[in-house]
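These notes concern the structure reproduced below.
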Amino acid sequence: MKQGILTIYWEVFKNESLPLLLGATDKGLCFAGSPGSGEGECEAIIQKRYPGASLIKQAEPLRPFITEFAEYLDGRRTEFSWQLDSSGTAFQELVWEALRHIPYGETVCYSDIANRIGKPTAVRAVGSAIGANPVLIAVPCHRVVGKDGSMTGFREGLDMKRFLLELEKKNKVATG
């Protein structure tokens, strides 16, 4: 690896419930989202978030992430144990950290997150930061809904958001 060039290993995790495009550095998971269609599109999705990164399609470095995502989708895992290696602005990181504290199987609204980070008037900025979250599910932005409980924007579409919320609700009841 050349000095200063970020290396990202990537793979599409194919699961009967939900395929995921995963990307990781030597430090941790840096991307999780929909794979799009085909290898070129997968690389373009990651490259858009990490311009100039060296991308290597290789499953082995992603094995711990794949294992835990499979357990999550099977209802056997509610938290992830590995490190994340994603970064954003200071505000985005504050929002993403608040998202990580939303309990499994529960939802909050955008103003709840704004209040939690001490910026009660920054609801729109919170929404933008949530939309920029590069590691879906691990940073559970799908747990944020409209103030009235309605499904609101989600980078990967409302069908995926609905699926994740229903999965967690069903598994929380089964284990709770």
Side-chain angles (χ1 to χ4, degrees), residues 1-2 5-88 92-93 95-107 129-144 154-176:
M1 175 176 110
K2 295 177 186 174
I5 295 179
L6 179 65
T7 299
I8 298 175
Y9 301 95
W10 71 274
E11 183 62 74
V12 175
F13 162 55
K14 293 182 177 143
N15 178 285
E16 60 192 48
S17 303
L18 182 72
L20 289 172
L21 170 59
L22 302 177
T25 68
D26 290 332
K27 295 178 183 176
L29 187 71
C30 67
F31 187 86
S34 287
S37 58
E39 233 173 79
E41 191 172 340
C42 288
E43 288 188 349
I45 290 168
I46 294 174
Q47 202 75 59
K48 182 177 179 183
R49 172 76 182 151
Y50 298 97
S54 172
L55 302 180
I56 300 171
K57 186 178 190 304
Q58 188 175 350
E60 195 51 41
L62 295 159
R63 195 70 52 217
F65 309 108
I66 290 169
T67 298
E68 290 194 15
F69 273 117
E71 292 169 354
Y72 168 85
L73 291 169
D74 289 344
R76 295 178 288 134
R77 175 171 292 279
T78 61
E79 296 178 358
F80 300 102
S81 67
W82 23 255
Q83 295 285 64
L84 298 178
D85 185 21
S86 60
S87 62
Q92 287 172 334
E93 290 185 18
V95 170
W96 299 341
E97 184 59 29
L99 295 175
R100 293 181 75 189
H101 294 282
I102 303 170
Y104 179 89
E106 295 183 22
T107 59
I130 289 171
N133 172 19
V135 257
L136 301 183
I137 303 171
V139 176
C141 55
H142 62 278
R143 296 178 189 156
V144 181
F154 189 61
R155 183 178 83 213
E156 304 299 354
L158 294 182
D159 286 342
M160 182 192 273
K161 183 173 188 163
R162 199 171 289 108
F163 167 81
L164 294 170
L165 291 173
E166 288 172 7
L167 172 83
E168 290 185 5
K169 183 179 178 184
K170 176 182 80 174
N171 291 329
K172 186 174 181 183
V173 168
T175 59

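Side chains are part of it too, since the values below use all heavy atoms of this structure and drop only hydrogens, waters and symmetry mates.
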* Asked: So, the side chain of Glu68 versus the backbone of Arg77: is there a donor-acceptor pair under 3.5 Å, distance only?
  -> no
* To do: Give, for atom OG of Ser34 and atom CD1 of Ile45, the distance between the pair rounded to the nearest 0.5 Å.
  => 7.5 Å
* Asked: Between the main-chain N or O of Asn171 and the side-chain N or O of Glu168, is there a donor-acceptor pair closer than 3.5 Å?
  -> no
* Minimum heavy-atom distance Leu136-Gly33, with the two atoms named -> CD1-CA, 4.1 Å
* Asked: What heavy-atom pair brings Phe69 and Ala32 nearest, and what distance separates the two atoms?
  -> CZ-CB, 4.1 Å
* Asked: Is the side chain of Gln92 donor-acceptor paired with the backbone N or O of Ala129 at a distance under 3.5 Å, no angle test?
  -> no
* Asked: Are side-chain heavy atoms of Lys161 and Leu164 found at a separation under 4.5 Å?
  -> no
* To do: Compare every heavy atom of Asn133 with every heavy atom of Cys141, then report the nearest pair and how far apart it is.
  => SG-ND2, 3.2 Å
* To do: Please work out which of the three classes, parallel, tilted or perpendicular, describes the rings of Phe154 and His142, given edges at 30° and 60°.
  => perpendicular
* **Evaluation steps, side-chain contact (heavy atoms from CB on, under 4.5 Å), between Tyr50 and Ser86** => CA-CA 10 Å; Tyr50 298 97; Ser86 60; 3.9 Å; yes
* Asked: Looking at CZ of Arg162 and NZ of Lys169, how far apart are the two atoms once the value is rounded to the nearest 0.5 Å?
  -> 13.0 Å
* Asked: Got a second to check how far Lys14's NZ is from Leu21's CG, nearest 0.5 Å?
  -> 11.0 Å
* Asked: Rounded to the nearest 0.5 Å, how far apart are CG of Leu20 and CE of Met160?
  -> 6.0 Å
* Should the heavy atoms of other residues, nucleotides or ligands under 6.0 Å from CD of Gln83 be counted, would the total exceed 12? -> no
* To do: Go through Phe13 and Leu62 one step at a time and tell me if the side-chain contact (heavy atoms from CB on, under 4.5 Å) criterion holds.
  => CA-CA 9 Å; Phe13 162 55; Leu62 295 159; over 6 Å; no
* Drop me the distance from Glu97's CD to Leu99's CG, to the nearest 0.5 angstrom. => 9.0 Å
* To do: Could you pull out all residues at least two apart from Lys27 that satisfy side-chain hydrogen bond (donor to acceptor under 3.5 Å, both in side chains)?
  => none
* Can you name the nearest heavy-atom pair linking Pro19 to Pro35, along with the distance? -> O-CD, 3.6 Å
* Asked: With a 4.5 Å limit on heavy-atom distance, are the side chains of Asp26 and Tyr9 in contact?
  -> yes
* How about Glu11 and Lys57: do any of their side-chain heavy atoms sit closer than 4.5 Å? -> yes
* Any side-chain heavy atom of Ile137 within less than 4.5 Å of one from Leu18? -> yes
* Ring centroid separation for Phe80 and Phe65, is it under 6.0 angstrom? -> no
* Set of ring pair (Phe, Tyr, Trp, His ring centres under 6.0 Å) partners for Phe31, sequence neighbours left out -> none
* Taking the side chain as every heavy atom from C-beta outward, state whether Tyr72 and Asn15 have any pair of such atoms under 4.5 Å apart. => no
* Hey, could you give me the CD/CD distance between Glu71 and Glu79, rounded to the nearest 0.5 Å? => 13.0 Å
* Asked: Shortest non-hydrogen contact from Gly23 to Ile8?
  -> CA-CG2, 3.9 Å
* Taking all non-hydrogen atoms of both residues, which atom of Trp82 and which atom of Pro64 are closest, and how far apart? -> NE1-O, 3.4 Å
